[in-house]
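Below is one structure, written out as structure tokens, with a few remarks after it.
A note on names: the letters A, B, ... follow the listed sequences, proteins ahead of strands, and every chain is numbered from 1. This structure is a prediction, so every number in the text was calculated from the model and none was measured.
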Protein chains: 2
Amino acid sequence: MLKEEAGATLPVDSIILGDCVAELAELPDRSVDLVFADPPYNLQLQKDLLRPNNSKVDGVDDDWDKFSSFENYDQFTNDWLAQCRRVLKDDGSLWVIGSYHNIFRLGTQLQDMGFWILNDVIWRKTNPMPNFRGRRFTNAHETLIWAAKSQKSRYRFNYEAMKALNDDLQMRSDWLMPICSGPERLKMETGKKAHPTQKPEALMGRVILASSNEGDVVLDPFSGSGTTAAAAKKLGRHYIGIERDPDYARIARKRLAEIEPLGDDAMKVMQGKRQEQRIPFGSLVELGLISPGTVLYDHRARHEARVRADGSIAVKGAQGSIHKMGAQVQGSSACNGWTFWHVEKEGTLTPIDSLRDVARRQLEATS
Amino acid sequence: MLKEEAGATLPVDSIILGDCVAELAELPDRSVDLVFADPPYNLQLQKDLLRPNNSKVDGVDDDWDKFSSFENYDQFTNDWLAQCRRVLKDDGSLWVIGSYHNIFRLGTQLQDMGFWILNDVIWRKTNPMPNFRGRRFTNAHETLIWAAKSQKSRYRFNYEAMKALNDDLQMRSDWLMPICSGPERLKMETGKKAHPTQKPEALMGRVILASSNEGDVVLDPFSGSGTTAAAAKKLGRHYIGIERDPDYARIARKRLAEIEPLGDDAMKVMQGKRQEQRIPFGSLVELGLISPGTVLYDHRARHEARVRADGSIAVKGAQGSIHKMGAQVQGSSACNGWTFWHVEKEGTLTPIDSLRDVARRQLEATS
DNA sequence: CTCCATCGTGAATCGTTGG
DNA sequence: ACCAACGATTCACGATGGA
């Protein structure tokens, strides 16, 4: 489909096969309402990573993610961002997604090019890959940056729609969503994943619903498996995807052919997860509800444990969680530490579970 | 207090009044274990960017003021980061915290200076300020970057302590914590808040607990109300704070004088196997905990091995270490023989790893 | 059919020590 | 410097298959 825009034609509702910088150059100035870009992350993986069971992690080792230096990556970023900026309408806005490997470089370049950052948004994964070697924190999120073309831009933000998606509370900058897996994950005939980094449609869906209107043109310069285009089509937006790899482009086109526009109601079935309310014992310590050094007792004060700064407890030289140590002193295999252990308050013993309610109220986040 | 470090003295456990770059220059090379920095967002920059801008809306070419402001901020960042890098021990690590206004510039500079990013960590606020005008998402988080001095650095990470804080699950990169308010928030005599951006002590507490050991030196070049120093003192670390504003420095010193370090037992955290004394398998045989000739099994008794007098084991004619043979029978390249091989005890299979604890205690008692 | 145990897998910058 | 050996380490889901 071709759409008339400021005298030039726009190849909307198509996946263009080609290098994004070259293909972007063919598009007219100020013709696109929204850009979503998921560029290569420049992961710089050093060697194979084994799981504890010695199986190999199928990491991203594709050629398209190889850059020889930060300088090289910055040049690449500058090239495609400059083109995106040119084709973006003055009141349009742009999203990029990345991890700590590349997101700081993307953000810096956006600012240097005159983009006006509106929010950084955190995609919190419900089911990230663990850190197998126990050397860092679980890398459980990715970062999106939402930016207007300039400070004076009258960008679109569908505040009420976002609020409605969040039980009538303002949508926050942290979004909780599962990674793309199960039936949504596109597979080859062999059963292998079709694309190494396919994003969940719910993520793009929220982005598109938040920052564009029906009939707008959404551009994705790194289209990949076509998730942005798919979400756009479902939500009644026009899409332009650019993809260098013929296989990915073919997969995306096939995917798009099977999609019916659904309207904004589609979001209701794509929704993110409701905030979970797990309260670890460590939070009670950090919140100051229990000080390190406090003595815990079982309900008849036959056993004693001492709370430590990391939320572990110590019993006669042994150490562990409230659950493990509760089980150990009883000689049983499992124990609910929340009901087993008590603190002394005004002469009586109270289960630490009662403090958890206090913690829950203090930690009530509205995402 | 002065601490001798590589021939120069380190003014530990004090808040230094002065400009951070100048004062950092006085500290010796490679003398600090951990840096935590909460740099200003640069109000100058904010002011410039908010100034009405009469350049054309579609300026791919940047407004000069804007560019020079970012440049100024980058120069400032470079100055203090370079000093921090110099005083940081080779195996130390550094944290910075910021928002989307400055965090991308901080991250880019860290990478350009050779720091090796370990994680970006999201502080999710339970009680953020709402977006009053409904033009953006509620800015509900801040970003921390944790970086080692170099890729080769053997940085500290108290994995087990972090796991303990999170109810025996790996600590993730998203941390949920309230902002600093209530009694923790320092007030002036007038009741006004003493510092505009006082961070919660729980946040610094987790940072310090995660990436330093007792007795380490923690440096905060933008000390402010002294939260980093307070958390460090409480957790038995030495602190050095640098603060330019005499009022803030005074408040921080007063605050620190009232803080008592936690007791020795309360300060202890979970120790992992990595910290424990190494016991070769041969010691178990020598100590008589396993007799030569004992049969070892994998956990489902699919493989058998026989222990030999020299601490090697034999499987079907082949022989070698518990690790080598474990790998061999599984057809994998590596194996932890301690958890792979089991002995039969009262009808059940127990990992030989449990015997290692016994050996460790026996060897400790006799040494 | 259900239920349960097992297995596979996801954008990952994922060792240390002694010879 | 390099190399070999030691040995530490995983969470949430979906798919699969046997009982």
Side-chain angles (χ1 to χ4, degrees), chain A residues 38-62 64-67 70 97-103 123 125-143 178-185 187 191-193 195-200 222 224 273 276 278, chain B residues 111 115-120 146-148 150-155 157 159-160 163 166-173 272-276 278-282 300 311 320-324 326-327 333-341 351-353 356:
Chain A
D38 181 11
Y41 285 9
N42 190 19
L43 287 185
Q44 307 170 74
L45 302 179
Q46 310 289 319
K47 54 190 163 194
D48 286 350
L49 176 62
L50 297 182
R51 300 169 191 272
N53 67 3
N54 284 323
S55 67
K56 188 169 160 296
V57 173
D58 183 17
V60 176
D61 57 355
D62 306 72
W64 49 253
D65 196 42
K66 300 232 190 310
F67 296 86
F70 283 129
I97 183 169
S99 66
Y100 64 84
H101 310 86
N102 68 330
I103 197 66
W123 168 28
K125 304 178 184 185
T126 55
N127 48 353
M129 195 184 299
N131 185 290
F132 294 116
R133 310 302 295 265
R135 300 297 301 164
R136 305 179 175 193
F137 300 99
T138 308
N139 194 0
H141 73 274
E142 293 188 26
T143 302
I179 61 174
C180 182
S181 68
E184 189 190 333
R185 187 90 194 204
K187 302 281 197 315
K192 248 194 58 176
K193 59 188 173 193
H195 191 279
T197 69
Q198 187 182 341
K199 296 288 180 294
F222 305 96
K273 286 211 162 183
E276 85 286 14
R278 199 174 59 85
Chain B
Q111 290 180 315
F115 282 98
W116 190 246
I117 297 182
L118 299 167
N119 279 112
D120 57 340
W146 179 38
S150 75
Q151 184 177 358
K152 298 186 315 195
S153 166
R154 296 169 52 177
Y155 59 91
F157 179 50
Y159 174 74
E160 293 78 13
K163 196 170 168 174
N166 195 35
D167 267 7
D168 292 332
L169 285 177
Q170 283 193 345
M171 185 67 79
R172 297 168 42 115
S173 55
K273 289 186 176 177
R274 289 183 178 98
Q275 276 93 355
E276 288 176 344
R278 257 169 95 156
I279 307 279
F281 181 69
R300 282 168 60 180
S321 71
I322 50 171
H323 312 294
K324 201 171 145 192
S333 61
C335 169
N336 181 351
W338 290 107
T339 50
F340 180 76
W341 295 108
I352 55 177
D353 199 32
R356 191 158 50 157

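- With N54(A) contributing its side chain and A334(B) its backbone, the two residues share a donor-acceptor pair below 3.5 Å.
- Using a 4.0 Å heavy-atom cutoff across all strands shown, K199(A) reaches at least one base atom of the nucleic acid.
- Comparing S321(B) and Q170(B) against DNA chain D, the residue whose closest nucleotide sits nearer the 5' end is S321(B).
- Contact annotation for E276(B): no contact, since no heavy-atom pair falls under 4.0 Å across all strands.
- Under a 3.5 Å cut-off, the side chain of N119(B) and the backbone N or O of S173(B) do not form any donor-acceptor pair.
- Using a 4.0 Å heavy-atom criterion, one finds that P40(A) contacts the bases of the nucleic acid, with or without backbone contacts as well.
- Remark: R133(A) fails to qualify as a cation-pi partner of Y159(B) under the 6.0 Å distance and 45° angle criteria applied to the six-membered ring.
- If you take atom P in dC6(D) and the same atom in dC14(C), they sit 24 Å apart, rounded to whole Å.
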Heavy atoms under 4.0 Å is the rule here; annotate nucleotides 14-19 of chain C 5' to 3' with B where the base is hit, S where only the sugar-phosphate is, and - elsewhere. BSSS--

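- Residue I117(B) is classed as a base contact, given a heavy-atom separation below 4.0 Å to a base.
- Within the 4.0 angstrom heavy-atom criterion, no nucleotide atom of any strand lies near P280(B).
- Residue R356(B) is classed as a sugar-phosphate contact, given heavy-atom separations below 4.0 Å to backbone atoms only.
- Nucleotides dG8(C) and dT10(D), compared at atom C1', are 13 Å apart to the nearest Å.
- With hydrogens and angles ignored, a donor-acceptor pair closer than 3.5 Å exists between the side chain of R51(A) and the base of dG10(C).
- When the P atom is compared between dA8(D) and dA12(C), the two are found 25 Å apart, to the nearest whole Å.
- A donor-acceptor pair under 3.5 Å links the side-chain atoms of Q46(A) to the main chain of Q44(A), judged by distance alone.
- Using a 4.0 Å heavy-atom cutoff across all strands shown, T197(A) reaches at least one base atom of the nucleic acid.
- Without hydrogens or angle criteria, N131(A) side chain to N139(A) main chain gives no donor-acceptor distance under 3.5 Å.
- When only modelled atom types and interatomic distance are considered, E160(B) and Q275(B) share no side-chain donor-acceptor pair under 3.5 Å.
- Checking side-chain atoms of K324(B) against main-chain N and O of G337(B) turns up no donor-acceptor pair under 3.5 Å.
- With 3.5 Å as the limit, one finds a donor-acceptor pair spanning the side chains of N166(B) and R278(A).
- Remark: C1' of dA12(C) and NZ of K66(A) are 13 Å apart, rounded to the nearest angstrom.
- Only the C1' atoms considered, dC1(C) is 15 Å distant from dG17(D), to the nearest whole Å.
- In this structure, N127(A) and P183(A) both approach DNA chain D, and ranking their closest nucleotides by distance from the 5' end singles out N127(A).
- Counting non-hydrogen atoms under 4.0 angstrom, P200(A) reaches nothing in the nucleic acid.
- Judged purely by atom type and a 3.5 angstrom limit, T138(A) has no side-chain atom pairing as donor or acceptor with the backbone of A140(A).
- For S99(A) (side chain) and E142(A) (main-chain N/O), no donor-acceptor pair under 3.5 Å exists by modelled atom type.
- Classification of the Y155(B)-W146(B) ring pair by plane angle, with boundaries at 30° and 60°, yields perpendicular.
- Here C335(B) lies in heavy-atom contact (under 4.0 Å) with a base.
- With respect to the salt-bridge test (charged N to carboxylate O, under 4.0 angstrom), the residues D58(A) and K192(A) do not qualify.
- When the C1' atom of dG10(C) is taken as reference, atom NE2 of H195(A) falls 14 Å away, rounded to whole Å.
- Across all strands shown, K193(A) has heavy atoms under 4.0 Å from sugar-phosphate atoms exclusively, and none from any base.
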Pairs counted only when both distances fall under 3.5 Å, Watson-Crick or G-U: show me the 5' to 3' dot-bracket for DNA chain C, [ ] for pseudoknotted crossings and | for other-strand partners. .|||||||||....|||||

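- Mapping heavy-atom proximity under 4.0 Å, the span of DNA chain D touched by chain A runs 5' to 3' from dG7(D) to dA15(D).
- W64(A) comes within contact range of at least one nucleobase, with a heavy-atom separation under 4.0 Å.
- Residue contacts for D38(A): at a heavy-atom cut-off of 4.0 Å it reaches a base atom on one of the strands shown.
- Note on T138(A): nothing from the nucleic acid sits closer than 4.0 angstrom, heavy atoms only.
- Remark: the backbone N or O of S153(B) is not paired with any side-chain donor or acceptor of W116(B) at under 3.5 angstrom.
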